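Order of listing sets the numbers, starting from 1, for every ligand and every atom in it. Quick caveat, the model's predicted, so the values are computed rather than measured.
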Amino acid sequence: MRRHRIQLINPNTSQAMTETMANTARSIAGSRLDIDAVCPKEGVPSIEGHFDEAVATLGILQQIRAGEDRGVDGHIIACFGDPGLLAARELAKGPVLGIAEAAMHVASLVATRFSIVTTLPRTVIIARHLLHRYGFNEQCAAVHAIDLPVLSLEDGSGLAQQKVREYCLNAKHNDSVGAIILGCGGMADLATQLSEELQIPVIDGVGAAVTLLESLLNLGVTTSKWGDLDFPRNKGITGPYAQCLVPAPNS
Ligand code: 5HY
């Protein structure tokens, strides 16, 4: 089996959070996969709402273009809102997975119902919209917010990690669920330890996406180009988006 190269895109501009997710992804992939971990140079330091997602989407599409030009086999959008996922699937030859969708699929394979623990209350509706879109609303008992900003996960105080643990423990004992999903890429490094400590599957989307993407690549299955996810028609788009469409010369 050829060694595949995948790109992990952190859509916010936090280098620290990109490293947290890259470490988790590489610990899951081992020597089977090469992982390019990237984030946009410009954009939003964290994604905590609809506006942030819209701003981050250009950066995501530019990274998809750059990855395609480098010949990567697949991409992961490592933000729990799965921003720009369908647009990225149109642009890329290889499969593109979002960490929210991947986590929901994995949770549904190991539990009949699950809960989600995310960051700010204002992002809860984004998770609910995705549960509806992906058809997992019935399986999700609750979406809890620890009410701390995304970047508090990188501030070194440990307060956010402690809150995540509290909310996971609370969900285990009160939500009648068999699994818990961590609703932020910045929580990727907490899943293994919380699963052992709380004795319930605690699922992080980065690990789930790496594993599912590897399975698709090993199956030789990629995004269908028959229909809505076919490559975008190049009809004279102007401005920064135009370069997303055109492969770099001799790529
Ligand atoms: C994420 N925001 O995974 C989402 C989490 C959230 O910058 N990376 C972000 O709370 O929506």
Side-chain angles (χ1 to χ4, degrees), residues 7-25 28 37-61 63 75-85 88 96-107 115-134 136 140 142-155 159-161 163-168 171 180-191 194 202-210 212-213:
Q7 177 170 248
L8 177 81
I9 302 169
N10 172 18
N12 70 41
T13 58
S14 161
Q15 261 303 333
M17 193 167 285
T18 306
E19 267 142 48
T20 299
M21 294 193 272
N23 296 339
T24 298
I28 301 270
V38 300
C39 68
K41 293 187 184 36
E42 295 173 330
V44 284
S46 64
I47 297 167
E48 296 169 334
H50 312 293
F51 175 83
D52 294 347
E53 287 199 343
V55 171
T57 297
L58 174 59
I60 293 166
L61 297 178
Q63 296 294 344
H75 309 263
I76 294 172
I77 296 177
C79 169
F80 203 77
D82 294 353
L85 181 59
V96 184
L97 297 188
I99 62 171
E101 187 176 26
M104 293 172 191
H105 278 288
V106 168
S115 286
I116 297 174
V117 173
T118 189
T119 57
L120 289 177
R122 65 179 297 164
T123 69
V124 167
I125 188 64
I126 294 176
R128 276 283 167 211
H129 284 172
L130 294 180
L131 288 161
H132 273 286
R133 190 199 301 175
Y134 300 146
F136 288 109
C140 184
V143 182
H144 304 286
I146 64 171
D147 204 5
L148 287 173
V150 168
L151 292 181
S152 65
L153 289 157
E154 297 292 339
D155 70 10
L159 174 61
Q161 285 75 6
K163 280 262 192 158
V164 170
R165 182 187 173 286
E166 278 168 29
Y167 276 74
C168 287
I180 299 162
I181 292 176
L182 299 179
C184 179
M187 297 173 185
D189 57 345
L190 304 178
L194 284 174
V202 177
I203 294 154
D204 129 72
V206 171
V210 167
L212 292 178
L213 184 54

Residue among V206, L190, T118 satisfying side-chain contact (heavy atoms from CB on, under 4.5 Å) with L182: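 The passing option is L190.
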Name the residue from D82, I77, V106 that meets the side-chain contact (heavy atoms from CB on, under 4.5 Å) definition with E101. D82
Over 12 foreign heavy atoms within 6.0 Å of CZ, R122: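 It does not: R122 CZ has 12 such atoms or fewer within range.
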Residues in contact with ligand 1, criterion: heavy atom under 4.0 Å: N12, S46, I47, C79, F80, T118, T119, T123, V150, G183, C184, G185
Is the Y134 to H105 ring centre distance short of 6.0 Å?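 No, ring centres 6.0 Å or more apart.
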Would you say the side-chain atoms of S14 and E154 include a donor-acceptor pair closer than 3.5 Å? no
Return yes if some donor-acceptor pair links the side-chain N/O of Q7 with the main-chain N/O of Q63 below 3.5 Å, else return no.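 Side chain of Q7 to backbone of Q63: a pair is present.
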